[in-house]
2 protein chains.
Amino acid sequence: MKQNAATAKKVTESANRGQCAKRMSILEAAGEVFCREGFSGASIDEIAAEACVSRQTIYNHYREKETLFMAVVDDVMTRANGMMFSILSTFPDRTDNLEDDLTGFIFRLNKNCVCNHDGRFLRKLVQTEGERHPHLFESWRQQGPLKITNALAALFARLSIGGALQIEDFDVAARQFMALGNADLQMLMLFGETPTDEQIESAARNAVRTFLRAYGRPQPSREVPTLVSVTA
Amino acid sequence: MKQNAATAKKVTESANRGQCAKRMSILEAAGEVFCREGFSGASIDEIAAEACVSRQTIYNHYREKETLFMAVVDDVMTRANGMMFSILSTFPDRTDNLEDDLTGFIFRLNKNCVCNHDGRFLRKLVQTEGERHPHLFESWRQQGPLKITNALAALFARLSIGGALQIEDFDVAARQFMALGNADLQMLMLFGETPTDEQIESAARNAVRTFLRAYGRPQPSREVPTLVSVTA
DNA sequence: GTAAAACTAGACACCATTGTCTAAATCGTC
DNA sequence: GACGATTTAGACAATGGTGTCTAGTTTTAC
C-alpha cells in the first residue's frame, strides 16, 4: 500500500514532468506570440514552432485557440499578482532614511512588476484584448491593481500617522506615488523598450525626491546647518 | 480662360467633396475597427460596412489594407499633434493664481489630448502595432511626445526663473507634471473607460496641488494672514 | 522488453479574408 | 436628358488559418 502510493506518486510526477515541460513551453511560446501579434494575428503553427512542439500537441493540451489564450492570460496574471504582493511586503517599516527605503521599494516594484516581461505583457494584453474579454480582466483588476493601491494607501497611512509623512488623502497619494515612479519610464515602455537598471534607479530617485518634497515633513536636517553657520 | 479655370475648379471641388466625404468616412470607420480589432483582426468588409461604403470603394481609394492602415495612422497622428500644440499654447503666462491656471491647463491637456478619442487610439495603436511598424511611430515620437516634454520643460523654466516655481531639473519636472496629471485616470483608461469631466477635473486638481507642494515656493499667501493677525 | 501513453508529421475539409473583376446603378454636371 | 465618373453588389480565385484525423515514432513506467 505504502509502496503503491509511492510508486503511483512517482508515476504521475514523472509523467507530469514531461507533460508539464511541454505545457510550460507552449504557454511561454503562446504568450510571446499572442503578445507580439495579438490574438487574431497569432497562428497556432507559429506558436507550435516557437515552442518546438507539434501543432497536434497544442490541441491535445488546450482544446482550441481560445482555451490556450485563456490559459496564457491566467498563467501570467497569477504570476504577476504573486510577484506584486511579494514586493509589496518589502515596504519599509522604519522611518529613518525613508528616502532611500522608498527609493529601493519603488525600484523593486518597477523592476519586478511594472517593467518586467509579465508586467508589460499584461498591460498590452489588457489594452488589446480587454474589450473582447471584459470578464477576463475584471477579476484581475479587482484583485490586482485595485488591491495594490489600497495596500499602498494603508502603508502610507501608517507612515503618516507615525508622523513621517503629511498626507491628507492616502488613496490619491498612493496613485501619485505609482505615477511618479513611472514618470521617467512611461515613454520608454510605450515604445516597447526595456529600461536599464540605471534608468529604473534614476526614475525611482526622482520620484521619491519629489514625493517627499510634497508629502515629507519639512526636512529639519537640511536647514539646521544653515542656521548654525549663520549664527556662528 | 477665367471661366474655364473657375468651372474646372468648381468641378474638381465638387467632385472632391463627394470623394472627400467617402474618404473621411472610410478613414473614420477604419480607425474604429483597427483600434477595436487590431490590424490582423480587422476585416475590410467590416470597415466597409461601418463606413456605409462598398468594399470596392475602399480598394479604389486605398490600394490595399496596409495602405489604408498607414493612412489612418497618419491621419490620427496629424490631428493629435495639432491639438497637442494648440493646447500647449494655452500654458499660463501670469503667475498670480498659478494653481488654478495650471489646473485648467492640465484639465485641457487631459480632456483634449490624453483622454479623447485620438489620444486613446494612438496609445493603443502604438502598443499593438509599434513592433510591426517601427519607423511609423518613430517620427511621431520625435515630433510628438518628445517635443511636448521639451516645450513643457521650457515653460517650467520660465516660471522657475520668474520665481514662481523652484525646479532644478525641468525635464524631470515636466514628465512628473504629466505623470501626476494622469495618476488618477490611468487605471480607468487602461480598461477602456472614458473619464467624465468631473473625474478629469478632480485628477487635475490633485495633480497640481501635489506638484505645487513639491515645486511651488513656500506659499506666502497662506502664512501672511497668520502673521498679520499676530502682529495686529 | 513491453505496453501504454504522449508526441510528431502530414494530409485534410472547412471557413474567413484579401484583392480582382464585371455589370449594373447612382451621382453630378452640362 | 445625356454623359462621364464614381459607386455598388456580387462572383471569383487564391491564400492562409483552424481544427480533425491518421499512421508512425518516441518516451515513460513497470
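The structure displayed is predicted, hence computed values, not measured ones. In the text below, chain A, chain B and the rest are named by the order of the sequence lines, each starting its count at 1.
Axis angle between the ends of the helix from dG1(C)-dC30(D) to dC30(C)-dG1(D), five pairs each and rounded to 10 degrees, works out to 40°.
Rounded to whole Å, atom P of dG16(D) lies 18 Å from atom CD1 of Ile47(A). The distance from atom OH of Tyr59(A) to atom C1' of dC14(C) is 12 Å, rounded to the nearest whole Å. To the nearest angstrom, P of dG17(D) lies 18 Å from CD of Glu66(A). Rounded to a whole Å, the NZ atom of Lys65(A) is 14 Å from the C1' atom of dC15(C). For the pair Arg63(A) CZ and dC21(D) C1', the interatomic distance rounds to 17 Å; values are reported in whole Å. For Glu64(B) and dT20(C), the CD to C1' distance is 13 Å, given to the nearest whole Å. For the pair Asp45(A) CG and dA11(C) C1', the computed distance is 13 Å after rounding to whole Å. For Ile58(A) and dT8(C), the CD1 to C1' distance is 12 Å, given to the nearest whole Å.
Using a 4.0 Å cut-off, no side-chain N or O of Thr57(B) falls inside it from OP1 or OP2 of dT6(D). Of the side-chain N and O atoms in Lys22(B), none sit less than 4.0 angstrom from OP1 or OP2 of dT26(C). Side-chain nitrogen and oxygen atoms of His61(A) include none within less than 4.0 Å of the OP1 or OP2 phosphate oxygen of dA6(C).
Salt bridge absent: Arg94(A) and Asp101(A) never bring a charged side-chain N and a carboxylate O closer than 4.0 Å.
Of the candidate nucleotides dT7(D), dT18(D), dT8(C), dT7(D) has the atom nearest to the side chain of Asn60(B).
Under the rule for a side-chain contact (heavy atoms from CB on, under 4.5 Å), the partners of Met70(A) that lie at least two apart in sequence or sit in another chain are Glu66(A), His133(A), His135(A), Leu136(A). For Glu50(B), the salt bridge (Lys or Arg N to Asp or Glu O under 4.0 Å) test picks out Arg36(B), with sequence neighbours left out. Partners of Arg205(A) by salt bridge (Lys or Arg N to Asp or Glu O under 4.0 Å), not counting sequence neighbours, listed by chain and number: Glu201(A). Applying the salt bridge (Lys or Arg N to Asp or Glu O under 4.0 Å) test to Asp171(B) and every residue at least two apart in sequence or in another chain returns nothing. A search for side-chain contact (heavy atoms from CB on, under 4.5 Å) contacts involving Ser202(A) returns Asn206(A), not counting sequence neighbours. The salt bridge (Lys or Arg N to Asp or Glu O under 4.0 Å) test applied to Asp118(B) returns Arg79(B), not counting sequence neighbours. Contacts of Thr149(A) classified as side-chain contact (heavy atoms from CB on, under 4.5 Å), with partners at least two apart in sequence or in another chain: Ala174(A), Arg175(A).
Residue pairs meeting the side chain to side chain donor-acceptor pair (under 3.5 Å) criterion with at least one partner in residues 24-33 of chain B, sequence neighbours excluded, are Glu32(B)-His117(B). Listed by first and then second residue, the ring-ring contact (aromatic ring centres under 6.0 Å, His included) pairs involving residues 23-49 of chain A are Phe34(A)-Phe39(A), Phe34(A)-Phe69(A), Phe39(A)-Phe69(A) (not counting sequence neighbours).
Within the nucleic acid shown, Ala48(A) has no heavy atom closer than 4.0 Å to any nucleic acid atom.
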Listing time: all N or O pairs from protein to nucleotides 9-11 of chain D that are below 3.5 Å?
residue	atom	partner	partner atom	Å
dA11(D)	N6	Arg55(B)	NH2	2.9

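Within a heavy-atom distance below 4.0 Å of DNA chain D, no residue of residues 26-39 of chain A is found.
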Arg209(A) vs Thr103(A), test: side chain to side chain donor-acceptor pair (under 3.5 Å). Steps then yes/no. CA-CA 9 Å; Arg209(A) 192 178 298 133; Thr103(A) 303; over 6 Å; no
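Between the side chain of Thr128(A) and the backbone N or O of Lys124(A), at least one donor-acceptor pair lies under 3.5 Å.
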